[in-house]
Chemist: 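Below you will find the structure I want to go over with you.
So that the names make sense, note that chain A is the first sequence line, chain B the second, and so on, each numbered from 1. For the numbers below, each heavy atom of this structure counts, side chains included, while hydrogens, waters and symmetry mates do not.
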Amino acid sequence: MDESMDSAPHLISTCVAFICNTSQSAMDALLEGLNDAQKSAVTSPANVVQVLAPPGSGKTKTLTARVAYHVNHERLQPWNIIVCTFTIKAAREMKERIKGFVGEKLEAKLILGTFHSVARRFLSRYGQEIGIDKNFGIADTSDSTAILKRIVARHQYTVEPGHARSRISKLKAKGVSADDFRATAKNVNDNEFAMVYSSYQEHLKASNLLDYDDLLVRCVDLLRKSPSCVSTIQAVLIDEYQDTNNIQYELMQLLAQSTRRITIVGDPDQSIYSFRSAEIKNLHRMRTDYPESVVINLENNYRSSGCILNSAMAVIEQDESRPQKPLIATHGVGEPPTLRHLVSATGEAKWIIEEIKRTKTLAAGLLSYDDYAVLIRSSHLSAQIERALGQEGIPYRMVAGTKFFDRAEIKILLDYLRVVSQPEHKHNDAVARVINVPSRKVGDATVKALLEEAEVKKVTLWKLLLDVARGRRKPESKVSAQAQKGIEQFVNVILTSRERLHPAEGENCDLLDLIYHVLKKISFESYLKQAHKDNWQDRWANVEELVNQAAQMTTAFANGEDILDDALPIVQGVEQREDTGADILSKFLANVTLSSVADQEGGEVAQVTISTIHAAKGLEWPVVFMPALYDGSIPHSRADDHDEERRLLYVGMTRAQGLLYLSCPMKQSGQEKTKLSRFISDKKIQKLFSERGPDLAFKRSTIPDLARILRRPCPADTDLKTAHSLLERLEDDKYPATREEMDGEDPTWGASWGDKFNSSGLSGDGPKQSFKRRKVEGSNSISSETVSTTMRTVSGFSTAVTTMSSVKTGFTSALDLGNLQSMQKEAERIRSKEARDEAREGKDCQATSDGARCHHKLL
DNA sequence: AAACTGGGCCTTTTT
DNA sequence: GGCCCAGTTT
């Protein structure tokens, strides 16, 4: 690129000199491997650049390279560059990639994070300009709901608290304040809601809290009032721009108000956050507001096989309102994706595990568990998958299930810390949540009464408790002797903890010491042992992880490091607030609400990933499964924007590099029949899929093709051959694959194994079941004689049940294919068929979701 | 009378 | 995991 010549060094400083010496090669490295469109996006001299980047087109690569270009070639100081993402994970990923370009030191100086965390930084530094206390806390969704619940209960309003919360959130996303809303209220309902909204705001204010939306709204207020806070900002970059809502758009404008230099990357087809008020319209709005905008389209997909891309395109193109645009595969066609029907959700999970094992084995080292992802629409769908993986001993990680900081044990601890942090503020909810944890015999009734009393008397709950504990005031609420005692204990915990918050002069506040104190005072470990007998170890490990984080922060703080990325450019005329030692706790708490613990990559153990589709955005895996694709799940029954649901499916499908599996159980975990998702019901679309998993055993090109797509060396022929001998089944033929097969074989299809065994309808089959039980209990040492006896009986029994049919249809299907090799394999299989059927059935029963219950019934 | 315990029900997506 | 309800303990 010739432009690189323009940027000859002209400033002398050690730092700059260093960069300039390496400038030419850095430039080369920066642009290496970029295509023309990407290069022009990275190096565009235009002030406002919109990069439209479909899946797998190198979006992150382009954005990170442009950040590096700003730093290395345009000589922008990293602390004058803001990069906003939507998810914590995306921010983390971006950081890593930028480090590779500009080095750790410069990267660390960038203002990079989620919109919310960037806003938090500005508010925490300059909040005093608009009257925000520096130690504001952040109310998460459950805090907000709790506040609204109480407001609604007290005034006996008719709105549902959850509904009110989302309505308030939507209004804030549009920049409509409580006062604005009241002014436009049209009817009784609106009036009531206006009351709720403003009470909610008052409550937040009194508690020194900002909710997620407030972070954005108030930051907009701040930057409007004091533009000088961002006077040094020279470039703003936004990732996943299609997900911006109105308030974020305004924030973007304000952050960039000094130089109007903005780069955004996004893809309207991947807009999946309209429930968070994302406005696709912002793309056009930006072109209007910034007529100087340059639009660059990326069109090459470097991620997926042609077949996968094709099927994903076919899905998204059903949306006729959507403008057509090209997306060109750069890989070979690969294997057609699979669209599979399974009998039940349990069966679906087992089939997935079967396919993971089959493909991993047959790929002979090409694939590890790390390469597999199961993407689900709703987090509760993970249960079956987790259970099945667990049963097979396959390691997995669950992304974005219950987040670390949402875990009950962590929340309890954090609530204690919140109360310790600012009891003088009206942190009533936190107080109420932990006053009886562990049990101090201060029951719900007492707490509720005290809360009401505190509200009426306009004092904080903490103040009231303090008075009660010290016997200064007889509360109007009835407080039993034991409750009185409990309150005294609680107050004691908090007061002794607070002593540690304000250490002697010259000493840093030791967060660790404080946490240990709280843990000891409330005997948290024994509490967990007693309250969660089954998994207290895991929970205690989580607590240790939190302690760990606090430890890291304490050391960093002691070393004077900028632990929370709080450094903002020094701006003249606007006073930045200094941190005092005791502020560390409130910072820790605020940060915790906006962060997540990094996935333990561990490295040593390869793990299958389970993730929601939402959380999977921006990521890719060699093999992707998308289960539960039925109407009601996707499109979700509560979703009203079906186009967005379709985009969601599209986003999921385009995560796959080499192999993609879509599947649909014919029954939900309940008993309702399912209907295949409307997005993949079209005949033309179904033609793009195969009914069974790909042939990795007999089609010779499959594995080499896969290796090429993954840019990995292809396993040796001998290894591939050896792999065959490791498997009983070389093909995806363990379960029936089509409705016809399932219907034909068994009119009672739909009653899955688990369903059958758990249903009381089987209670009469005593003798056979006892065999089954012996098989289940019998370890490997069970004699072959016993096995065969057991097997015959159970086989006879199970012909009545669906799974048996899978074996048969497996045969016929293989024969129909006329595949000689597979016929030979089948012959082999027939020889040991019965034994394996038996083995499988024993396992099936045991592996049933309610294994234990199944077991009992069989007794 | 208040607190606790166990069982049955449901569960969109994220900062 | 959260919520509600019924039955039991303190």
Chemist: Under the 5.5 Å and 30° test, is A/Phe275 stacked on the base of B/dT13?
Modeler: yes
Chemist: Across the strands shown, which category fits A/Lys149 at heavy-atom distances under 4.0 angstrom: base, sugar-phosphate, nothing?
Modeler: sugar-phosphate
Chemist: Just the rounded figure in Å: distance from P of B/dT14 to CG of A/Leu215.
Modeler: 18 Å
Chemist: Any side-chain N or O of A/Lys441 under 4.0 Å from OP1/OP2 of C/dT9?
Modeler: no
Chemist: Kindly state each residue pair satisfying side-chain hydrogen bond (donor to acceptor under 3.5 Å, both in side chains) with at least one member in residues 271-281 of chain A, sequence neighbours excluded.
Modeler: A/Ser274-A/Glu644
Chemist: At less than 4.0 Å, is any side-chain N or O atom of A/Ser379 found next to OP1 or OP2 of B/dT13? Yes or no.
Modeler: yes
Chemist: OP1 or OP2 of B/dT15 less than 4.0 angstrom from a side-chain nitrogen or oxygen of A/Asn245, does that happen here?
Modeler: no
Chemist: Answer yes or no: does a side-chain N or O of A/Thr446 lie under 4.0 Å from OP1 or OP2 of B/dA3?
Modeler: yes
Chemist: Applying a 4.0 Å non-hydrogen cut-off, can you work out what A/Ser117 is touching in the nucleic acid: base, sugar-phosphate, or nothing?
Modeler: nothing
Chemist: Which of the following nucleotides, B/dT14, B/dA2, B/dC4, is nearest to the side chain of A/Ala445?
Modeler: B/dA2
Chemist: Looking at every strand, decide which applies to A/Asp444 at a 4.0 Å heavy-atom threshold: base, sugar-phosphate, or nothing.
Modeler: sugar-phosphate
Chemist: Check this one for me: any side-chain N or O of A/Arg539 less than 4.0 Å away from OP1 or OP2 of C/dG1?
Modeler: yes
Chemist: A/Asn436 near the nucleic acid: base, sugar-phosphate alone, or nothing, with a heavy-atom cut-off under 4.0 Å?
Modeler: sugar-phosphate
Chemist: For the ring pair A/Phe275 and A/His636, is the centre-to-centre distance below 6.0 Å?
Modeler: no
Chemist: Scan A/Phe115 against the nucleic acid and name what it touches under 4.0 Å (heavy atoms): base, sugar-phosphate only, or nothing.
Modeler: nothing
Chemist: List the steps and the verdict of side-chain hydrogen bond (donor to acceptor under 3.5 Å, both in side chains) for A/Gln270 and A/Lys59.
Modeler: CA-CA 12 Å; A/Gln270 293 181 73; A/Lys59 170 193 68 122; over 6 Å; no
Chemist: Identify, between A/Gln482 and A/Glu409, the residue whose nearest nucleotide on DNA chain C lies closer to the 5' end.
Modeler: A/Glu409
Chemist: From the set B/dT14, C/dG1, B/dC4, return the single nucleotide nearest to any side-chain atom of A/Ser439.
Modeler: B/dC4
Chemist: So if I take every side-chain heavy atom of A/His614 and compare against B/dC4, B/dA3, B/dT14, which nucleotide ends up nearest?
Modeler: B/dT14
Chemist: Are a donor atom and an acceptor atom from the side chains of A/Asn282 and A/Thr244 found within less than 3.5 Å of each other?
Modeler: yes
Chemist: Please state whether the base of B/dT15 and the side chain of A/Thr141 form at least one donor-acceptor pair under 3.5 Å?
Modeler: yes
Chemist: Between C1' on B/dT14 and CG on A/Asp213, what's the gap in Å once rounded to a whole number?
Modeler: 11 Å
Chemist: Counting C-beta onward and ignoring hydrogens, is there a side-chain heavy-atom pair between A/Thr609 and A/Trp621 closer than 4.5 Å?
Modeler: yes
Chemist: Students often get this wrong, so: under 4.0 angstrom with heavy atoms, is A/Thr114 touching a base, only sugar-phosphate, or nothing?
Modeler: sugar-phosphate
Chemist: Using a strict heavy-atom distance below 4.0 Å, which residues from residues 632-640 of chain A are in contact with DNA chain B?
Modeler: A/His636, A/Arg638
Chemist: Can you pull out every salt bridge (charged side-chain N to carboxylate O under 4.0 Å, His left out) where at least one residue sits in residues 430-439 of chain A? Sequence neighbours excluded, please.
Modeler: A/Asp143-A/Arg433, A/Asp415-A/Arg433
Chemist: I want to know whether A/Tyr527 and A/Phe524 have ring centres closer than 6.0 Å.
Modeler: yes
Chemist: When you check the side-chain N and O atoms of A/Lys411 and A/Ser142, is any donor under 3.5 Å from an acceptor?
Modeler: yes
